[in-house]
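Bear in mind that the values here come from a model prediction, so they are computed numbers and not experimental data. The basis for the numbers below is simple: all heavy atoms, side chains too, and nothing from hydrogens, waters or symmetry mates. Letters go in sequence order (proteins before strands), and every chain restarts at 1.
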Amino acid sequence: MDNGNIIEVKNLTKTFGKFTAVDDISFSVKKGEIFGLLGPNGAGKSTTLRMLSTLSQPTKGTATIGGYDTVKNDMQVRKLIGIVSEKMIIYNRLTAKENLYFFGNLFNIPKDTLNKRIDELLELVKLTKFKNAQVGTFSTGMRQRMNVIRALLNMPQVLYLDEPTLGLDPQSSVEIREFIKKLNQEQGTTVVLTTHMMVDADLLCDRIAIVDHGKIIALDTSTNLKKIISGADTMIINLEIANLTPDILSAIKALDCIDAVTQETAAQLRIIVHGEDAFDTIVDLVRKRGGKITSMSNLQPTLEDVFLHITGHDVRDTVAEKISTERRRFGAPQARVR
Amino acid sequence: MTAQTIIKHSLRIAWKDLMELFRNRMGLVLLIVMPLFMMVMVGFIYPSGGASLNNMPIAMVNEDAGFNGSYLPSQTFFTTLQSINDQTGMMTLTTASSLEEVTDLVQRGELSGGIVIPSNFSQSILSGEQGTIIIVTDQSNPQISATINAVLSGVFDGMSTAMAQQNVLLMNPTLNQTTALAVVKPLTVQSQGVVPGNPSYFDFIAPGLMAMTVMMSVMTGLPVAISHEKELGTMDGMMVAPVNRLSILLGKTLAQTLRGLIQGAIILALAIGIFGVAIQGNILLVFALLLLGVFSFVGLGIVITSFTKDQETAQMLMMTLMFPMMFLSGVFFPIQQMPGFMQAISHFLPLTYAADALRKVMVLGAGVSQISTELLILTGFGVVMIAIALPVFRKMMTR
């Protein structure tokens with residue numbers, strides 16, 4: 001690890017039958033970095049994370065954590081990592097303390113150290129007074145906090161977070177994000193997180209890998225990724241048409257200068273365009289079709305726009321599309337139980 | 001990874017599983033209620049007392065025309081039947097006018113059967129011929145008709161013997177009663193069990209039921225417990241810890257075994273307390289046998305676990321396997337009653353041997369040496385199944 005990389009991934013591939021979930025990806029994560037895998041559901045983010053955490057074996061390629069191979073030295077890797085999954089890893093019928101004690105024991109932490117650490121962690125997420133209550137009685141936010149500190153029991157060098165804010169209310173999401181940031185800054189914990197929430201990626205990650213259909217299609221800092229858009233002659237336009245009809249919408253989409261269109265509200269469109277006269281072309285078209293423009297402005301690009309620009313489709317669109325093609329191929333939709 | 005760590009981890013996992021089990025009130029209640037239901041139902045449907053049928057309505061038709069004004073044979077028959085029935089209360093005796101009436105009443109379901117004494121009954125007997133009685137049975141209920149046949153044949157047999165005895169005495173007055181009886185009926189049977197007392201159907205079924213409950217709890221409990229955790233995602237928590245996969249398996253098995261043994265103990269307590277089952281053998285041997293039964297089933301449970309993706313499949317698969325096993329292993333019905341190919345199948349089921357051995361110990365008071373064959377087969381079955389199961393399980397865990 002002379003180069004400062006704690007995670008090295010080389011040509012990692014995972015196939016389920018004929019379906020390729022992760023397609024020959026390579027990347028590395030620096031020690032102390034917050035690294036994000038951003039992409040729609042089913043893009044292969046979680047599968048990648050599962051392979052990095054020894055839960056799944058790669059079909060091809062290798063991954064090392066702190067120099068240890070995830071297949072050959074799985075036990076060593078497990079000592080270095082903590083995992084916070086979208087599915088909460090806590091037992092509802094055990095108390096907060098019993099849960100932590102159980103998992104701590106699996107890491108062979110000596111009793112005194114473990115007890116001390118449990119108290120510290122509970123204090124850290126303000127759950128000390130609930131330590132003898134069964135976790136099943138907790139709110140979702142509290143349970144997610146439990147889920148996070150459970151992953152920290154062995155003081156992992158690498159923390160994996162799989163959709164950490166999924167299903168949480170905005171306030172809990174903020175809390176979790178701040179907690180991750182604090183952990184990274186104070187303990188120097190390397191964090192790898194997957195998300196389809198652009199906000200998470202934008203606010204937290206030092207570097208972001210945009211993943212689509214099992215491949216990494218862009219990897220850079222948030223700022224640099226956004227430059228992909230603002231650098232070229234590409235613009236983001238916010239367009240409000242009072243009497244927006246499907247007819248007008250499809251006419252706009254058919255224009256040459258349009259890269260992508262997303263409908264934000266009934267009257268509001270977010271359009272990625274290129275070319276100098278794009279503004280005029282759109283205004284002309286809308287007028288000709290009898291549309292009434294109430295507002296038009298230039299926007300700062302977001303990661304969402306970057307995603308749209310590179311992949312040509314929306315983060316959310318792909319989900320439905322993907323499921324329907326898979327359904328056609330494999331018959332009934334199947335829950336992948338791992 | 002030392003063996004000590006593996007065992008330590010598995011104990012932790014077992015503790016966690018049991019903790020979850022005991023905190024689940026409803027589950028805990030069902031844990032006790034399930035064997036109770038099973039016992040009570042089986043216990044009362046197959047009564048443990050001697051006489052099994054009560055107050056069957058039976059009609060008698062007496063068409064006896066007598067012989068020289070004597071009705072003695074038919075009168076003797078009625079008196080004997082009456083006195084036997086007074087003791088057992090098996091039949092409610094009424095009279096009918098003809099065979100046709102009896103047939104009609106049986107068809108209507110008002111009678112379980114009838115006894116017809118033909119007009120030449122006394123005449124035949126008193127003139128040195130065989131007397132015949134017609135027994136009308138309800139063929140729609142084989143059990144009742146078989147019982148009636150048996151009881152009436154018994155009465156008739158007794159009467160025949162007594163009459164023959166008298167005839168012999170008449171022919172040779174120098175003989176005494178005993179010798180006369182020996183001439184008529186040179187052979188008699190005295191049946192004797194290996195242990196005192198008269199074991200009931202329930203003594204037969206309790207050991208099998210125990211073996212079944214305990215072994216099934218591992219076979220069904222293990223796949224359900226593991227697939228449940230896989231579905232919840234909590235399995236990942238154990239899998240990302242530096243824990244040997246064997247510990248997870250061992251811990252889960254331990255918890256399910258304990259659960260099974262608790263249920264087995266409840267069955268045993270109910271059998272002794274409510275149904276008066278007596279344990280002739282060593283109770284420790286009983287539990288040791290149950291544990292061996294669990295051991296022989298663990299491999300099967302693991303294989304099933306490896307092939308089921310979710311809890312629903314696991315449960316359905318269990319039901320499919322459980323029913324044939326329940327009936328083919330001789331838990332409810334003796335294997336000897338089954339057709340040949342079923343008997344052949346039953347020889348491949350470990351439950352057959354466990355139930356058999358347990359029955360020998362509990363009912364017949366057998367010791368280790370008397371059940372050594374069963375012990376050997378169960379151990380062998382367990383070893384082979386586990387040897388098959390472990391590689392399969394390892395493969396499943398690292399998909």
#### Entry: Residue part contacting chain B, namely of A:Ile90, when any heavy atom lies under 4.5 Å
backbone

## Note on the structure
So, the part of A:Gln76 with a heavy atom under 4.5 Å from chain B: the answer is neither

### Task
Describe, in one word, how the ring planes of A:Phe35 and A:Phe27 are oriented to each other, choosing from parallel (under 30°), tilted (30 to 60°) and perpendicular (over 60°).
parallel

### Task
Identify which of A:Phe107, A:Phe102, A:Phe103, A:Tyr91 forms the greatest number of heavy-atom pairs closer than 4.5 Å to chain B.
A:Tyr91

### Message
Please classify the contact of A:Ile83 with chain B as side chain, backbone, both or neither, using a heavy-atom distance under 4.5 Å.
### Response
side chain

### Message
Counting only non-hydrogen atoms closer than 4.5 Å, can you tell me which residues of residues 21-34 of chain B sit against chain A?
### Response
B:Arg23, B:Asn24

### Task
Answer whether the closest heavy-atom distance between the side chains of A:Glu175 and A:Gln144 falls below 4.5 Å.
no

### Task
Heavy atoms only, distances under 4.5 angstrom: which of B:Glu229, B:Glu20, B:Met19 has the most pairs with chain A? Name it, please.
B:Glu20

### Message
Tell me whether A:Asp74 is salt-bridged to A:Arg78, with the criterion being a basic N under 4.0 Å from an acidic carboxylate O.
### Response
yes

### Message
Looking at every non-hydrogen atom in both residues, tell me the closest pair between A:Ser53 and B:Val240 and how far apart they are.
### Response
O-CG1, 3.7 Å

### Message
Strictly below 4.0 Å, N to O, side chains only: are A:Arg50 and A:Asp162 in salt-bridge contact?
### Response
no

### Query
Quick one: do B:Lys252 and B:Asp17 make a salt bridge, cutoff under 4.0 Å?
yes

### Salt bridge present between A:Lys131 and A:Asp119 (N-O < 4.0 angstrom)
yes

### side chain to side chain contact (heavy atoms under 4.5 Å, CB included) partner of B:Ile226, the single match among B:Ile248, B:Leu249, B:Thr253
B:Leu249

